[in-house]
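To start, the structure itself, in structure tokens.
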Amino acid sequence: MEGNINTAAEVKLNGLHGNAQAINHQTWRERLKSYRRTPGSLLLFLLVGLAALVTAAMLIFLVGYILVNGVPYLTPELFSWTYTSDNCSVVPAMINTLLMTLLSLLVAVPLGVLSAVYLVEYAKKGNRLVKVIRVTAETLTGIPSIVYGLFGMLFFVSALKWGYSLLAGACTLSIMILPVILRTTEEALLSVPDSFREGSFGLGAGKLRTVFRIVLPPAVPGILSGIILATGRIVGETAALIYTAGSVAKVPSGVFGSARTLAVHMYNLSNEGLHVNQAYATAVVLLAVVILINLISSRLARRIAGS
Amino acid sequence: MIAAVEYWRRHKEGIMQAVFLATACVSILAVALICIFLFGNGIPAIAKIGPLKFLLGTKWKPGNNIYGIFPMILGSIYVTAGAILVGVPIGFLTAVFMAKFCPPGIYRFLKPMVDLLAGIPSVVYGFFGVVVIVPFVREVFGGKGQSILSTSLLLGLMILPTIISVSEAAIRAVPESYYEGSLALGATHERSVFAAMLPAAKSGIMAGVILGVGRAIGETMAVIMVAGNQPRIPDSILEGVRTLTANIVMEMGYATDLHREALIATGVVLFAFILMINLLFSILKARGERS
């Protein structure tokens, strides 16, 4: 009770700017006082705060530990053009990662965007096919990457006889990221107001023109955020690539050549256990890429929220 | 040529609709292909080995043509349970903090941190496990360090962002009136959150936990690096263990014939686990949305 009276008194004191916020606001002293009467609440508050602290501390420790141990080993040799077992250069792996990302996106983005267009713009409500597509997309989201790897090995590598290759890896990954692109594009299309479509139809445009000229352009930032999310997954992927793209540590001459990406490179370095320092440095490079991707995606999310 | 252009002009709406429909069916095709190839290669192997011998056999000796994956099934269950014990309390409470306790100033930092935790590749987690968690467990608890305990700690950390983001969304979806009503009745902030809001967010939070289970059971690279990978049933949490996922990656590189098929069959078992978890997840999610 006392706490409430205090609050009321304070509202009177702060009367000049006493708004709804001030009524709901408790000062720290009032809080402490109320905690004295309800120790259970204090305990819960401490537990909740502690958990958040642990989460934040773990991340800071992980990133900090790897940076502190890895940054001193970011030597020029680590970035030489060709890989040898002495310099453990990450450059070929970085180029392979870039190629792998581009190739996977090239397959998955058109498929994902066009299927989202079908789901949002063309399919009628309650269409049974749409339900099936939703369920399959959700299933694809939940499948672990090693199962994708197995499938890629059985289908692209063996059945289609592509061998361990950039193409087999990229096709495997494109199935993996398809649901990500599909879902983000769908959300972006759904957030385009219906009045846009009605206006376009009202001016006599056909369905196709409406989709490509009116509905898709405002959805681009949303689609981009999906692409960035997918890029993050490709860059970090290992299990789906070991038995599809193989682990040759140089840039292949074509899409049918075997290529290891940065994450696979990191796994091999750490597994061999001979080049721990270089493994630290490679982890720094990987972390830097991931942090960059996260920065871009959060900036993009802010822009979408702002517009 | 002109005829083709004319045809396109007249029928482009229909043609493009067919194209959209075809692309939409790709995800169905993908799931169908995955099922056909996995089951097509794995089921015959299970039949050849004998379903009971395969699933409940406690010995995995490819050299002697003995393929029992029971230790790996147990291994996957152990490390997943461990990850849940470590990750769920921390993740759940962090989600509560982020949704109901966090001042905006801290939220601006905490949210990107959780996102980053989700974005860190599993090899980097695995490497962190090798250089930090394994030595830590070895020093403090004894044993070799590569153990169920280390794997559980690492997986618990890895599933944090999944649990946090799904639970946070579930808590935020509870109508504010629940909280306000509880406050008006004289309950404290904490009591309002925990006793009035959380029960309403229960199925959403459970969905987050299930999703975390799916991630933990499917995690491969990080687990291989810290689990020790001995294919036998462990006696204590300080002993090494091999999971279903690790079994596939460890031996696929050199396996041939029945051995290779047995590994694919391991993938089938893993896939079946994941399908069950997904089903559970969508049921819970649907229930959460309905209430």
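Each chain gets a letter, A, B and so on, in the order the sequences are listed, and its residues count up from 1. Basis for what follows: all heavy atoms, side chains included, without hydrogens, waters or symmetry-related copies.
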Pairs of heavy atoms under 4.5 Å with chain A: top-ranked of B/Val31, B/Val123, B/Val96: B/Val123

What is the distance from atom CD1 of A/Ile60 to atom CZ of B/Phe109, rounded to the nearest 0.5 Å? 10.5 Å

If one checks every heavy atom of B/Lys100 against chain A at 4.5 Å, the contacting part turns out to be neither

For A/Leu154, which atoms come within 4.5 Å of any heavy atom of chain B: side chain, backbone, both, or neither? both

Between A/Asn271, A/Leu295, A/Thr282, A/Leu150, which shows the greatest number of heavy-atom pairs under 4.5 Å with chain B? A/Leu150

Taken to the nearest 0.5 Å, the spacing of B/Ile36 CD1 from A/Phe155 CZ works out to 9.5 Å

Check each atom of B/Met113 against the heavy atoms of chain A and say whether the ones under 4.5 Å are side chain, backbone, both or neither. both

A/Tyr118 side chain to B/Gln17 main-chain N or O, any donor-acceptor pair under 3.5 Å? no

What are the two closest heavy atoms between B/Pro121 and A/Gly236, and how far apart are they? CB-CA, 3.5 Å

Mind checking whether B/Ser27 and A/Leu140 have side chains closer than 4.5 Å, heavy atoms only? yes

Side chain, backbone, both or neither of A/Phe212 within contact of chain B (heavy atoms, under 4.5 Å): side chain

What residue in B/Leu110, B/Leu160, B/Ile217, B/Ile248 has the most heavy-atom pairs under 4.5 Å with chain A? B/Ile248

Note: vs chain A, highest number of non-hydrogen pairs under 4.5 angstrom among B/Thr245, B/Ile277, B/Asn41 is B/Asn41

Is A/Ser158 close to chain B through its backbone or its side chain, or both, or neither, when contacts mean heavy atoms under 4.5 Å? side chain

At under 4.5 Å between heavy atoms, what parts of residues 142-149 of chain A are in contact with chain B? List them by residue number. A/Gly142, A/Ile143, A/Pro144, A/Ile146, A/Val147, A/Tyr148

Does any backbone or side-chain atom of B/Phe281 lie under 4.5 Å from a heavy atom of chain A? Answer side chain, backbone, both or neither. neither

Just so I know, are the side chains of A/Phe61 and B/Val132 near enough to count as touching, which here means a heavy-atom distance under 4.5 Å? yes

Side chain / backbone / both / neither for B/Val268 at chain A, heavy atoms under 4.5 Å: neither

For A/Ile291, is it the side chain, the backbone, both, or neither that has a heavy atom closer than 4.5 Å to a heavy atom of chain B? both

Going from CD on B/Glu190 to CG on A/Leu43, what distance comes out if it is rounded to the nearest 0.5 angstrom? 10.0 Å

Under 4.5 Å from a heavy atom of chain A, the part of B/Ile164 involved: side chain

Turns out that what part of A/Tyr267 lies under 4.5 Å from chain B's heavy atoms comes down to both

Are side-chain N/O atoms of B/Thr188 and A/Thr38 paired as donor and acceptor at under 3.5 Å? no

When the 4.5 angstrom heavy-atom criterion is applied to A/Leu111 and chain B, the contacting part is both

Considering all heavy atoms, the nearest A/Ala51-B/Leu93 contact: CB-CB, 3.3 Å

Measure A/Ala116 against the heavy atoms of chain B and call it side chain, backbone, both or neither at under 4.5 Å. neither

To the closest 0.5 Å, what do you measure between CG (B/Leu21) and CG (A/Leu119)? 10.0 Å

How far apart are the closest heavy atoms of B/Ser282 and A/Glu138, and which atoms are they? CB-OE1, 3.9 Å

Max heavy-atom pairs within cutoff under 4.5 Å with chain B, candidates A/Ser298, A/Ala279, A/Ala283, goes to A/Ala279

Only pairs of heavy atoms separated by less than 4.5 Å count here; which of B/Leu116, B/Val124, B/Asn278 has the most with chain A? B/Leu116

Against chain A, label B/Val19 side chain, backbone, both or neither, depending on which of its atoms sit under 4.5 Å from a heavy atom there. side chain

Is the ring pair B/Phe127/A/Tyr280 parallel, tilted or perpendicular, if the boundaries are 30 and 60 degrees? perpendicular

Working to the nearest 0.5 Å, report the span between CE of B/Met221 and CD of A/Glu237. 9.0 Å

Contact origin within B/Phe194 toward chain A - heavy atom pairs under 4.5 Å: side chain

Which heavy-atom pair separates B/Gly119 from A/Val290 by the least distance, and what is that distance? O-CG1, 3.4 Å

Would you mind reporting whether B/Ile28 and A/Leu129 have side-chain heavy atoms less than 4.5 Å apart? yes

Could you give the distance from OG1 (B/Thr23) to CD1 (A/Ile133), rounded to the nearest 0.5 Å? 8.5 Å

Which atoms of B/Leu211 are under 4.5 Å from chain A, going by heavy atoms: the side chain, the backbone, both sets, or neither? neither

Engaged part of B/Ile106 at the chain A interface, taking heavy atoms whose separation is under 4.5 Å: neither

Quick one: what part of B/Asp115 sits under 4.5 Å from any heavy atom of chain A, side chain, backbone, both or neither? both

Taking side chain as everything from C-beta outward and backbone as N, CA, C, O, which of these in B/Leu157 sits under 4.5 Å from a heavy atom of chain A? Side chain, backbone, both or neither. side chain

Please look at B/Ile274 and chain A and tell me whether the side chain, the backbone, both or neither of the residue comes under 4.5 angstrom of a heavy atom of that chain. side chain

Counting only heavy atoms closer than 4.5 Å, note whether B/Ile34 contacts chain A via side chain, backbone, both or neither. both

Taking side chain as everything from C-beta outward and backbone as N, CA, C, O, which of these in B/Leu117 sits under 4.5 Å from a heavy atom of chain A? Side chain, backbone, both or neither. both

Is atom CZ of B/Phe136 surrounded by more than 12 heavy atoms (other residues, nucleotides or ligands) closer than 6.0 Å? no

My understanding is that only one of A/Ile66, A/Leu286, A/Asn294, A/Leu62 makes a side-chain contact (heavy atoms from CB on, under 4.5 Å) with B/Ile120; could you say which? A/Leu62

Interchain contact, A/Phe45 with chain B, by part (heavy-atom threshold 4.5 Å): both

Nearest heavy-atom pair of B/Phe37 and A/Ala159: which atoms, and what distance? CE2-CB, 3.7 Å

